[in-house]
Every structure is written in structure tokens, then in C-alpha cells.
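Note that this is a predicted model, so its numbers are computed, not measured. Convention: sequence-line order gives letters A, B, ...; per-chain numbering from 1.
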Amino acid sequence: NAGVTQTPKFRVLKTGQSMTLLCAQDMNHEYMYWYRQDPGMGLRLIHYSVGEGTTAKGEVPDGYNVSRLKKQNFLLGLESAAPSQTSVYFCASSRGSGNYGYTFGSGTRLTVV
Amino acid sequence: AQSVTQLGSHVSVSEGALVLLRCNYSSSVPPYLFWYVQYPNQGLQLLLKYTSAATLVKGINGFEAEFKKSETSFHLTKPSAHMSDAAEYFCAVSGVDTGNQFYFGTGTSLTVIP
């Protein structure tokens, strides 16, 4: 089983450029999430989705947009990248909320110069 | 509001020694609690979770955690550390107070000294 797959794994952007991070899951999970991980700050939720066609803001949504057109895919977009968005981005999925654990992808390391 | 606090951003233990990683939560109702492990350059993997059944929860790789409501704690332990346990460990909380979303602690980096 592939689980949760993130592409790309690494990317370097110039300030002001745009890009899309793709997350794909093959577990038929309803819920999907995007987190960013920064040193000393743990994981912070950017956006999430509770089903196909739905999205919602998390803790740190500014500067990011998301789409969930298909159940298995959750896209994270940066319209105009800033150095403050240099981070490691993780996608996760779960069967539902509450006591369901998350399955994480292996991460995308993004550097904005 | 619900949050989780991990005491100690870095913990070092000798190989074969007890591992104790601390996690305290704040919640008005008993939440769901999780421990995740992150090996270098990898995503997070679920170690164990507490979902209001047994208060002592056993996980993978010999780890266990005990839910103590009176202390609002969910500390992670392993009797004997192995070199392969070196990783970042995250405590997470979910429940009614968070809208059933996860909140992660800031992580504890475990170093195992040979």
C-alpha cells in the first residue's frame, strides 16, 4: 500500500513564485490535512478537508490555498511564495475525526529564497 | 481551549536505560491522546493512542503510555532504550475541545548514547 504520497519531495522557489504541492491517498479516507513543521514549533495545521469538495482553514492558513476536487487528492497552493514559507510540509489523512489516527506522507521540503 | 505540552525539547538516555518522555494536556473533558514518532527525513508514524479504554496503552517498538486524568498527563515510556529509538517524538491531543482536530506538542528529540 502506498498510503499517503506527497510530490514533490524537495523544491526551491524564488520569492513571488507560485507552486502546488500534491497529496494523494489510496486508503479511501474522508479527512485530509496539510501541516507545516518548523523547528521548535511542532506541526501547525494549515488547511484541512472533511470530504470531497470541502476545505476549511486551520491554525496558519494565510498565504496558502487548497482544493479537494477528488476524494483521494488534496492540493496545497502557494500563490506568491515568501521566505517565511520555508518549511517542511506534511500531508495527512484519516478515516474520520476524534479518535482516528492520522497517516502521514513523507513530507515536502520547501525553501523560498 | 485544548493544548498539549511536552516538557523537554531534548532528552538523552544511555542505551539500555529507561526512556521517559513527558506530555501534559489541558482539556475540560478527557480527550483522545496520541504519541507519534518521526525518524530523520520521514513523516510521522503512530506509536500508540488512548481512546478512553484502558489507561495503560501499549504501542509499537516496546513503548507504552499511561493516561492519568488526575495529573492530566500521558507520558511515554520504554524500559530499555535502543539505538534505533533515536528520533523526534510528538504528543498530540484531539477531542471535543479542539473540534476533533489534532493539536501537536512541539516535540521531544530523543538521543540514545551508546
Shared hydrophobic cluster, [X] / [Y] (ILVMFWY, side-chain heavy atoms < 4.5 Å):
X         : Y        : answer
Tyr103(B) : Phe67(B) : yes
Met19(A)  : Tyr89(A) : yes
Val88(A)  : Phe90(B) : yes
Leu110(A) : Leu45(A) : no
Leu48(B)  : Leu56(B) : no

Report task. Can you tell which part of Glu88(B) gets under 4.5 Å to a heavy atom of chain A, answering side chain, backbone, both or neither? Result ->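 For Glu88(B), there is no contact with chain A at all, as no heavy atom is under 4.5 Å.
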Query raised in the report: Do the non-hydrogen side-chain atoms of Gln38(B) and Phe90(A) ever get within less than 4.5 Å of each other?
Result: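 The answer is yes, as the side chains (C-beta and beyond) meet within the 4.5 Å cut-off.
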Give, as side chain, backbone, both or neither, the part of [X] having an atom under 4.5 angstrom from any heavy atom of chain B.
X         : value
Tyr48(A)  : side chain
Leu43(A)  : both
Gln37(A)  : side chain
Arg109(A) : side chain

Report task. Tell me, out of Thr51(B), Leu46(B), Leu44(B), who's got the most heavy-atom pairs with chain A below 4.5 Å. Result ->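 Top count of heavy-atom pairs under 4.5 Å with chain A: Leu44(B).
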Query - Stepwise ring pair (Phe, Tyr, Trp, His ring centres under 6.0 Å) test for Phe104(B) and Tyr35(A) - result: CA-CA 10 Å; Phe104(B) 287 88; Tyr35(A) 285 88; 5.4 Å; yes
Requested in this report: Working to the nearest 0.5 Å, report the span between CD of Gln42(B) and CZ of Phe104(A).
Outcome: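 The distance works out to 13.5 Å.
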Requested in this report: Verify the neighbour count for atom CD of Glu52(A): are there more than 12 heavy atoms of other residues, nucleotides or ligands below 6.0 Å?
Outcome: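 Yes, enclosed.
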Query raised in the report: Would the number of heavy atoms belonging to other residues, nucleotides or ligands and lying under 6.0 Å from CZ of Arg22(B) be above 12?
Result: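 No, not enclosed.
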**Report entry** Aromatic contact, Tyr36(B) with Tyr102(A) (centres under 6.0 Å)
**Finding:**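 When the ring centroids of Tyr36(B) and Tyr102(A) are compared, they turn out to be at least 6.0 Å apart.
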